[in-house]
Amino acid sequence: MKPFAFASPDTVEDAVRAVASEPSAVFLGGGTNLVDHLKLGVARPDRVVRLSGLVSTEIRDAGDGGLVIGAGVRNSDLASDPRVRERYPVLAEALLSGASPQLRNMATVGGNPLQRTRCVYFQDVTTPCNKRSPGTGCSAVGGHTRQHAILGASEHCVATHPSDMAVALAVLDASVRVTGPSGSREFPFAELHHLPGDHPERDTGLAHGELITAITLPPTTRRSAYRKVRDRASYGFALVSVAVALSLADGVIDDIRMAFGGVAHKPWRAHRAEEALRGERPAVRVFRAAAEAELEQARPLEGLDGGNGFKVPLTVRTLTAVLRDLTTEEAGR
């Protein structure tokens with residue numbers, strides 16, 4: 001591990017200045033991702049800036065019926081909050097499917113969406129990786145690709161985003177509050193993450209020194225659910241995951257939001273499938289057709305481990321099952 005300076009500022013503003021003034025400085029929240037990368041040599045900062053005690057650990061009601069979630073809230077606390085479980089079950093389910101109880105007790109709301117890919121080549125500093133070292137190449141192309149992207153990838157990077165929480169937030173119309181060197185701003189959560197394109201090293205649209213301070217959830221009457229398919233029941237990253245939030249009116253799908261995890265460099269909003277389902281009466285054949293329309297743009301990868309073409313039918317089946325269960329429950333209310 002490379003030696004680094006450690007700072008414990010007194011305010012959020014001081015923390016922002018401490019990171020912004022040092023090009024290789026990083027924030028330290030729960031540390032569940034950063035500490036791993038420090039040990040592996042993936043992260044080599046000159047300064048680490050501690051956030052504990054600075055950002056809010058409160059989940060409070062917004063005046064409109066939504067929630068404002070402080071960036072310091074632990075994942076386990078958010079998942080168990082009665083308001084989240086009642087109003088936003090997709091979020092509670094996503095959080096509980098992520099990592100282990102011990103890690104959920106450490107991981108924070110501000111850090112979870114910012115965790116970096118778990119691609120084995122990114123984490124192995126002896127291999128070329130455009131995300132870790134731009135311009136060196138992508139070792140995953142033609143390598144072990146079972147866990148990698150089928151949507152939105154580029155020749156420069158085929159890694160996937162590991163966060164379960166982020167997939168749920170993508171269907172809840174959440175927004176992100178950040179504080180940075182130029183002040184504070186708020187923007188839709190959907191705009192936080194980037195697809196790799198020609199710059200896979202850029203995970204998000206945050207400027208250096210910008211810090212997530214809160215995530216806001218608007219009020220919702222939609223039913224929602226999250227389902228994760230993985231190789232083992234505990235402590236496994238998604239091969240495919242699906243988040244859905246929907247409402248029915250007069251027996252048809254009135255409004256719907258859907259996102260996939262485990263298949264792209266960011267939570268993948270299934271806009272084509274959403275458009276195909278609005279105004280339709282729930283039926284398995286309709287669900288399957290919409291899922292297949294979304295997956296027409298998939299580009300499965302070959303690889304030393306057999307590739308990841310299985311993710312296409314797996315995503316179709318998983319989405320169909322979640323939609324079937326949600327619409328059956330809604331119709332029975």
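The structure displayed is predicted, hence computed values, not measured ones.
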*Asks:* Among the clusters formed by ILVMFWY side chains lying less than 4.5 Å apart, do Tyr88 and Val176 turn up in the same one?
*Replies:* yes
*Asks:* With Lys266 as reference, evaluate Leu192, Leu195, Asp203, Thr204 under the side chain to side chain contact (heavy atoms under 4.5 Å, CB included) test and give the passing residue.
*Replies:* Leu195
*Asks:* Heavy-atom count check: over 12 atoms from other residues, nucleotides or ligands less than 6.0 Å from Glu280 CD?
*Replies:* yes
*Asks:* Other residues, nucleotides and ligands only: do more than 12 of their heavy atoms fall within 6.0 Å of CZ on Arg185?
*Replies:*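 Yes, CZ of Arg185 has more than 12 neighbouring heavy atoms, counting only those of other groups under 6.0 Å.
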*Asks:* Take a 6.0 Å sphere around CZ of Arg85 and say whether it holds more than 12 heavy atoms from other residues, nucleotides or ligands.
*Replies:* no
*Asks:* Any sub-3.5 Å donor-acceptor pair from Thr216's side-chain atoms to Val68's backbone N or O?
*Replies:*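 Answer holds: no.
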*Asks:* Of Thr315, Leu314, Val316, which meets side chain to side chain contact (heavy atoms under 4.5 Å, CB included) against Thr318?
*Replies:* Leu314
*Asks:* In this structure, which one of His161, Lys131, His194, His193 forms a side chain to side chain donor-acceptor pair (under 3.5 Å) with His265?
*Replies:* Lys131
*Asks:* Report the C-alpha distance between Leu51 and Leu211 in whole Å, list the side-chain angles of each, state the deciding distance to 0.1 Å, and finish with yes or no for side-chain contact (heavy atoms from CB on, under 4.5 Å).
*Replies:* CA-CA 10 Å; Leu51 295 176; Leu211 172 68; 3.5 Å; yes
*Asks:* What's the separation between atom CD in Glu210 and atom OG in Ser184, rounded to the nearest 0.5 Å?
*Replies:*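 Going from CD on Glu210 over to OG on Ser184, the span is 9.0 Å.
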*Asks:* Do Glu22 side-chain atoms and Ser24 backbone N/O form a donor-acceptor pair below 3.5 Å?
*Replies:*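 Here the side-chain-to-backbone pair exists.
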*Asks:* Start with the C-alpha distance between Asp61 and Arg87, add both sets of side-chain angles, then the distance that settles salt bridge (charged side-chain N to carboxylate O under 4.0 Å, His left out), and finish with yes or no.
*Replies:* CA-CA 12 Å; Asp61 288 294; Arg87 304 179 206 172; 2.9 Å; yes
*Asks:* Between CD1 of Ile150 and NZ of Lys311, what distance do you get to the nearest 0.5 Å?
*Replies:*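 Reported value, rounded in 0.5 Å steps: 6.5 Å.
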*Asks:* So does Ala238 get a backbone contact from the side chain of Ser241, meaning a donor-acceptor N/O pair under 3.5 Å?
*Replies:*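 Checked: no pair found.
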*Asks:* At their closest point, which heavy atom of Ala94 faces which heavy atom of Asp164, and how far apart are they?
*Replies:* O-CB, 3.4 Å
*Asks:* Indicate yes or no for a side-chain donor-acceptor contact from Arg227 to the backbone of Val242 under 3.5 Å, with no hydrogens or angles considered.
*Replies:*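 Checking the backbone N and O of Val242 against the side chain of Arg227, no donor-acceptor pair under 3.5 Å is found.
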*Asks:* Given the rule in the side chain to side chain donor-acceptor pair (under 3.5 Å) test, do Asp255 and Ser247 qualify, once you have shown the distances and angles that lead to the verdict?
*Replies:* CA-CA 5 Å; Asp255 192 20; Ser247 59; 5.0 Å; no
*Asks:* Are Phe237 and Phe260 connected into the same hydrophobic cluster when the rule is that any two of I, L, V, M, F, W, Y join if their side-chain heavy atoms are below 4.5 Å apart?
*Replies:* no
*Asks:* Could you walk me through whether Val19 and Val26 satisfy the side-chain contact (heavy atoms from CB on, under 4.5 Å) test, starting with their C-alpha distance in whole Å, then the side-chain angles of each, then the deciding distance to 0.1 Å, before giving a yes or no?
*Replies:* CA-CA 6 Å; Val19 170; Val26 295; over 6 Å; no
*Asks:* Side chain to side chain donor-acceptor pair (under 3.5 Å) for Thr11 and Asp14? Distances and angles first, verdict last.
*Replies:* CA-CA 5 Å; Thr11 67; Asp14 288 342; 3.2 Å; yes
*Asks:* Side chain of Ser139, backbone of Pro128: donor and acceptor closer than 3.5 Å?
*Replies:* yes
*Asks:* Can you tell me how far apart OG (Ser175) and CG (Leu169) are? Round to the nearest 0.5 Å.
*Replies:*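 Going from the OG atom of Ser175 to the CG atom of Leu169 covers 10.0 Å.
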*Asks:* Answer with yes or no whether the hydrophobic clustering places Phe4 together with Phe27; edges join I, L, V, M, F, W, Y residues whose side-chain heavy atoms lie under 4.5 Å apart.
*Replies:* no
*Asks:* Could you list who else is in Leu103's hydrophobic cluster, with ILVMFWY side chains joined at under 4.5 Å, directly or through other members?
*Replies:* Tyr235
*Asks:* Is there a path of hydrophobic side-chain contacts, each under 4.5 Å between heavy atoms of I/L/V/M/F/W/Y residues, joining Leu319 to Tyr226?
*Replies:*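 No, Tyr226 does not connect to Leu319 through the hydrophobic network.
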*Asks:* Is Val158 isolated, or which residues cluster with it under the ILVMFWY side-chain rule of less than 4.5 Å, directly or via members?
*Replies:* Val141, Leu301
*Asks:* Between Thr145 and His148, is there a donor-acceptor pair closer than 3.5 Å when you use the side chain of the first and the backbone of the second?
*Replies:* no
*Asks:* Is a salt bridge present between Arg269 and Glu274, judged by a nitrogen-to-oxygen distance below 4.0 Å?
*Replies:*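 Yes.
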*Asks:* Has Glu294 got a side-chain atom pairing as donor or acceptor with Arg272's backbone, closer than 3.5 angstrom?
*Replies:* yes
*Asks:* Rounded to the nearest 0.5 Å, what's the gap from CZ on Phe122 to OG1 on Thr117? Could you check?
*Replies:* 7.0 Å
*Asks:* Any donor-acceptor pair under 3.5 Å linking the side chain of Ser154 with the backbone of Gly197?
*Replies:* yes
*Asks:* Decide if atom CD of Glu86 counts as having more than 12 heavy atoms of other residues, nucleotides or ligands within a radius under 6.0 Å.
*Replies:* no
*Asks:* Please step through salt bridge (charged side-chain N to carboxylate O under 4.0 Å, His left out) for the pair Asp77 and Arg104, ending with a clear verdict.
*Replies:* CA-CA 8 Å; Asp77 292 334; Arg104 292 196 296 269; over 6 Å; no
*Asks:* Determine, stepwise, if the pair Arg222 / Asp254 fulfils salt bridge (charged side-chain N to carboxylate O under 4.0 Å, His left out).
*Replies:* CA-CA 10 Å; Arg222 304 185 193 106; Asp254 175 54; over 6 Å; no
*Asks:* So for atom NZ, which belongs to Lys39, do other residues, nucleotides or ligands contribute more than 12 heavy atoms lying within a distance under 6.0 Å?
*Replies:*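 Counting other residues, nucleotides and ligands, NZ of Lys39 stays at 12 neighbours or fewer.
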*Asks:* When hydrophobic residues are tied together by side-chain contacts of less than 4.5 Å, even through go-betweens, does Val12 share a cluster with Ile212?
*Replies:* no
*Asks:* With a 4.5 Å heavy-atom cut-off, do Val244 and Arg257 have their side chains touching?
*Replies:*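 SC-SC contact between Val244 and Arg257 ruled out.
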*Asks:* Could you please spell out the steps behind the side-chain contact (heavy atoms from CB on, under 4.5 Å) verdict for Thr160 and Val263?
*Replies:* CA-CA 6 Å; Thr160 56; Val263 297; 5.8 Å; no
*Asks:* Please verify the inter-ring angle class for Tyr121 with His144; under 30° counts as parallel, over 60° as perpendicular, anything in between as tilted.
*Replies:* parallel
*Asks:* Check the pair Ser21, Arg47 against side chain to side chain donor-acceptor pair (under 3.5 Å), reporting the backbone distance first and the verdict last.
*Replies:* CA-CA 10 Å; Ser21 64; Arg47 179 186 298 164; 3.2 Å; yes
*Asks:* Please lay out, stage by stage, how Gln115 and Leu34 fare under the test side-chain contact (heavy atoms from CB on, under 4.5 Å).
*Replies:* CA-CA 8 Å; Gln115 61 184 300; Leu34 177 61; over 6 Å; no
*Asks:* Keeping Thr136 on the side-chain end and Cys129 on the backbone end, is there a donor-acceptor pair under 3.5 Å?
*Replies:* yes
*Asks:* Looking only at heavy atoms, what is the nearest atom pair of Asp64 and Pro219, with distance?
*Replies:* O-CG, 3.3 Å
*Asks:* Under 3.5 Å, side chain of Gln123 to main-chain N/O of Val120, donor-acceptor pair present?
*Replies:*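 Side chain of Gln123 to backbone of Val120: no pair is present.
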